[in-house]
Student: 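Dumping the structure here so I can ask a few things about it.
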Amino acid sequence: CHFGTASVLDQKEAGIRAVEGKSTVSVTIPKKLKTDPELLLMYILFRDKGICPGDYYKKSMGEKLLLAAFVQQMYDDKEN
């Protein structure tokens, strides 16, 4: 992933607030994350592991299933 200067892009659809020229970007998580497990998985992979959504999409179905299982195990381990 490559991120440059933040700018405001289609806030209503993405649920994102960004201020151009600031080093900090405030992001409101879209409601869809709560209802779309694959989107939530991509968010967790990006947030916690730095795996970009485009890289996730390039993976085979088997790799995607393994990533989902690994993320589930990470959260199970945190609970114990």
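Residues take their numbers from the sequence shown, with the count starting at 1.
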Student: Is the shortest side-chain heavy-atom distance between Arg47 and Met42 below 4.5 Å?
Tutor: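 Answer no - side chains too far apart.
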
Student: Report yes if some heavy atom in the side chain of Cys52 is under 4.5 Å from a heavy atom in the side chain of Asp55; otherwise report no.
Tutor: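 Yes - at least one pair of side-chain heavy atoms lies under 4.5 Å apart.
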
Student: Can Lys78 be said to sit on top of Tyr75's aromatic six-ring, NZ or CZ under 6.0 Å from centre and within 45° of the ring axis?
Tutor: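 So Lys78 does make the cation-pi contact.
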
Student: Where do Tyr56 and Leu45 land on the side-chain contact (heavy atoms from CB on, under 4.5 Å) test, with the steps shown first?
Tutor: CA-CA 9 Å; Tyr56 171 83; Leu45 290 170; 3.8 Å; yes

Student: Sequence neighbours left out, cut at 3.5 Å: what donor-acceptor pairs do the side chains of residues 60-67 make with other protein atoms?
Tutor:
from, atom 1, to, atom 2, distance (Å)
Ser60, OG, Glu63, N, 3.2
Glu63, OE1, Ser60, N, 3.1

Student: Check for me, please, whether Leu39 and Ile44 land in the same ILVMFWY cluster - side-chain distances under 4.5 Å, paths through other members count.
Tutor: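 Hydrophobic grouping puts Leu39 with Ile44.
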
Student: Looking at CG of Asp48 and OH of Tyr43, how far apart are the two atoms once the value is rounded to the nearest 0.5 Å?
Tutor: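 One gets 8.0 Å once the value is rounded to the nearest 0.5 Å.
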
Student: Could you grab the distance from atom CG of Leu40 to atom CG of Asp36, nearest 0.5 Å is fine?
Tutor: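 Atom-to-atom, Leu40:CG and Asp36:CG are 8.5 Å apart.
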
